[in-house]
2 protein chains.
Amino acid sequence: MAVDAVLFSIDKKKLRVLLIKIKQGQYEDKWCVPGGLILAEETLEEAVKRILFQKTNVSGVYLEQLYTFGDLGRDSRSRAISVAYFALLNKPEGYNIGTTPYYADIEWKNVAELPELAFDHKKIIETAHQRLKAKIGYSNIVYSLLPTDFSLTQMQNVYEIILGEKLDKRNFRKKILGIELVEKSNKILSGQAYRPAQLYHFTQRRLTLF
Amino acid sequence: MAVDAVLFSIDKKKLRVLLIKIKQGQYEDKWCVPGGLILAEETLEEAVKRILFQKTNVSGVYLEQLYTFGDLGRDSRSRAISVAYFALLNKPEGYNIGTTPYYADIEWKNVAELPELAFDHKKIIETAHQRLKAKIGYSNIVYSLLPTDFSLTQMQNVYEIILGEKLDKRNFRKKILGIELVEKSNKILSGQAYRPAQLYHFTQRRLTLF
DNA sequence: TCAAAAGTGTTTAAAATACACCCATGG
DNA sequence: CCATGGGTGTATTTTAAACACTTTTGA
């Protein structure tokens, strides 16, 4: 009985997922999402948090249960039932995860160009991406992919990257401001070679549906 | 590692859930949804189907994974992680489930007036009801709660019972017929003391989103 | 002065909502 | 002929979609 965590972030204009390269055994050199066995005295969510922290040194992410995968043969070594979670992180530009000796490698991979994955992890990542796509349409979930203060253009970029399509700037702003999901910060993003942007922040920094 | 099945049906104008009364032990005389342990060589869905059939003699229902419950102490006898499914059945009027010697009782209970439930099964049933409420809004899932041929009034009743509110007849029909979810059968429901209804059937009798 | 992103409104189409009366049948 | 549920249309409001130019800044 295991948990797996699909940790997404956005970097260099792409949706990224944190993957680990398996060091040895039958799945050697294949990639997978971080996962591990559930201990007797921890909840599912505690297990995911512990494993994410132990394996990737990441904590404080948005977490949501995704789906439980229990097909026979998903891990050819033994019967494995896994509760998959998806997680979101506002990864600072250029922030990298330290490698651990237990894995051959650990990297943020572009979700649109996944390497060869072990187990059914391709399916798990796709399911997570689908859920994310759907959920940005009726919740403020993107707060967890943005810094506290952000411009509406940055926010629109997050939407466009997740959805994989361009959105109309005026309609996007009308919608977002109409929902009263965000409010103006008193900060302004300057220092670029063009007009400074008004910054906003979420009125709620926890999952809220609309 | 277990599965639980929240089996809904509609009878006597109420949303019903199939519950089992526990015969002995700490939870004696409390009610719960049918559930049981997953065998080593079966998938989650196979486990649910087997358990539903063994415990309630029901088969051929709509099945969908709901959520995995794994909190500590949800079963005070031991650590229990359970993958909950929700299931839908078109229960013929007056159709009853035979009792089994393993349980004190088995009954279709009104979801709005649940008896005292063991474990976290109240929460599981509420989660399932929520999912059902949401899903009738963007899928043809109600096909599994209706006979092959049905009148639009019958269908509207199913919606109203699940949502717990009255809907406007003209708007309901406009919407349903506009989606092209159903088509006219060549049957007509007569034999009642009023105008016979045109019957319809679903164009797809499998889950379809819109 | 130019390059680059910020910012802003109106028109049109589509979808959702509100609302009330006549119809067909069996008893 | 009456009680019962079956069946139908229009007007209004709300929401979504399409669409282009001016502004501000740093270099």
Side-chain angles (χ1 to χ4, degrees), chain A residues 10 12-13 93 133-140 142 146-147 149-201 209-210, chain B residues 10 12-13 93 133-140 142 146-147 149-201 209-210:
Chain A
I10 288 180
K12 300 193 202 81
K13 302 272 174 186
E93 185 76 25
K133 269 186 175 176
K135 205 139 184 172
I136 60 172
Y138 61 90
S139 81
N140 67 347
V142 293
L146 284 164
D149 294 292
F150 52 87
S151 69
L152 293 183
T153 300
Q154 279 178 285
M155 185 176 176
Q156 184 176 340
N157 283 337
V158 171
Y159 271 79
E160 290 177 347
I161 290 165
I162 291 169
L163 295 174
E165 60 178 323
K166 285 276 167 206
L167 300 175
D168 179 87
K169 180 158 57 160
R170 281 164 298 183
N171 291 338
F172 180 80
R173 286 164 181 247
K174 209 184 310 168
K175 175 92 161 283
I176 296 299
L177 296 174
I179 295 167
E180 299 187 343
L181 195 61
V182 296
E183 58 190 16
K184 280 188 187 180
S185 299
N186 41 23
K187 300 181 190 168
I188 286 195
L189 182 69
S190 55
Q192 285 125 123
Y194 46 83
R195 178 172 178 176
Q198 172 67 53
L199 296 186
Y200 291 80
H201 55 86
L209 307 185
F210 50 81
Chain B
I10 288 180
K12 301 193 201 76
K13 301 271 173 187
E93 186 75 25
K133 269 186 176 177
K135 205 139 184 173
I136 59 172
Y138 61 90
S139 81
N140 67 346
V142 292
L146 284 164
D149 294 292
F150 52 86
S151 69
L152 292 184
T153 299
Q154 279 178 285
M155 184 175 176
Q156 185 175 339
N157 284 336
V158 171
Y159 271 78
E160 290 178 342
I161 291 165
I162 291 170
L163 296 174
E165 59 177 324
K166 285 276 166 206
L167 301 174
D168 180 87
K169 182 158 57 161
R170 281 163 299 183
N171 292 339
F172 180 80
R173 289 155 109 96
K174 209 187 307 169
K175 174 93 161 283
I176 296 300
L177 296 174
I179 295 167
E180 299 186 342
L181 196 62
V182 297
E183 57 190 17
K184 281 188 186 177
S185 299
N186 41 24
K187 299 181 190 166
I188 286 193
L189 182 67
S190 55
Q192 284 125 122
Y194 45 84
R195 178 172 176 178
Q198 173 67 53
L199 297 185
Y200 291 79
H201 58 260
L209 307 184
F210 51 81

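Every chain is numbered from 1 and lettered A, B, ... according to where its sequence line falls, protein lines coming before strand lines. Reckoned from all heavy atoms, side chains included, excluding hydrogens, waters and symmetry mates.
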Is it the case that the base of C:dA6 and the side chain of A:Lys169 share a donor-acceptor contact (distance under 3.5 Å, atom types as modelled)? yes

Suppose we call a contact any N or O donor and acceptor under 3.5 Å apart; does that hold for the side chain of A:Lys174 and the base of D:dT15? no

Verify the contact: side-chain N or O of A:Thr153 to OP1 or OP2 of C:dA5, cut-off strictly under 4.0 Å; return yes or no. no

Do the side-chain N or O atoms of B:Arg173 get closer than 4.0 angstrom to the phosphate oxygens (OP1, OP2) of D:dG7? yes

What is the distance, to the nearest angstrom, from the [atom1] atom on [X] to the [atom2] atom on [N]?
X: A:Tyr200; N: C:dA6; atom1: OH; atom2: C1'; value: 10 Å
X: A:Glu165; N: D:dA16; atom1: CD; atom2: C1'; value: 14 Å
X: B:Phe210; N: C:dA14; atom1: CZ; atom2: P; value: 20 Å
X: A:Asn171; N: C:dA13; atom1: CG; atom2: P; value: 15 Å
X: B:Lys166; N: D:dG5; atom1: NZ; atom2: C1'; value: 12 Å
X: B:Gln156; N: D:dG7; atom1: CD; atom2: P; value: 12 Å
X: B:Met155; N: D:dG7; atom1: CE; atom2: P; value: 14 Å
X: B:Phe172; N: D:dG6; atom1: CZ; atom2: P; value: 12 Å

Ring centroids only, cut at 6.0 angstrom: are A:Tyr138 and A:Phe210 within range, meaning strictly under it? no

Check whether the ring centres of B:Tyr159 and B:Phe172 lie less than 6.0 Å apart, and answer yes or no. yes

Decide yes or no on side-chain contact (heavy atoms from CB on, under 4.5 Å) for A:Leu167 and A:Asn171, but give the supporting numbers first. CA-CA 8 Å; A:Leu167 300 175; A:Asn171 291 338; over 6 Å; no

Carefully, step by step, assess A:Leu199 and A:Ile188 under the rule side-chain contact (heavy atoms from CB on, under 4.5 Å). CA-CA 5 Å; A:Leu199 296 186; A:Ile188 286 195; 5.7 Å; no

Value rounded to 0.5 Å, distance of CG in B:Leu163 from NZ in B:Lys133: 7.0 Å

Considering heavy-atom distances to DNA chain C, does A:Asp168 or A:Ala197 have its closest nucleotide positioned more toward the 5' end? A:Ala197

Of all heavy-atom pairs between A:Gln156 and A:Asp168, which one has the smallest distance, and what is that distance? NE2-C, 4.1 Å

Considering all heavy atoms, the nearest B:His201-B:Ser185 contact: ND1-OG, 2.7 Å

How does protein reach along nucleotides 22-27 of chain D, written 5' to 3' as B (base within reach of a heavy atom under 4.0 Å), S (only sugar-phosphate), or - (no contact)? -BBBS-

Choosing from D:dG6, C:dA6, C:dA16, which nucleotide comes nearest the side chain of B:Lys175? C:dA16

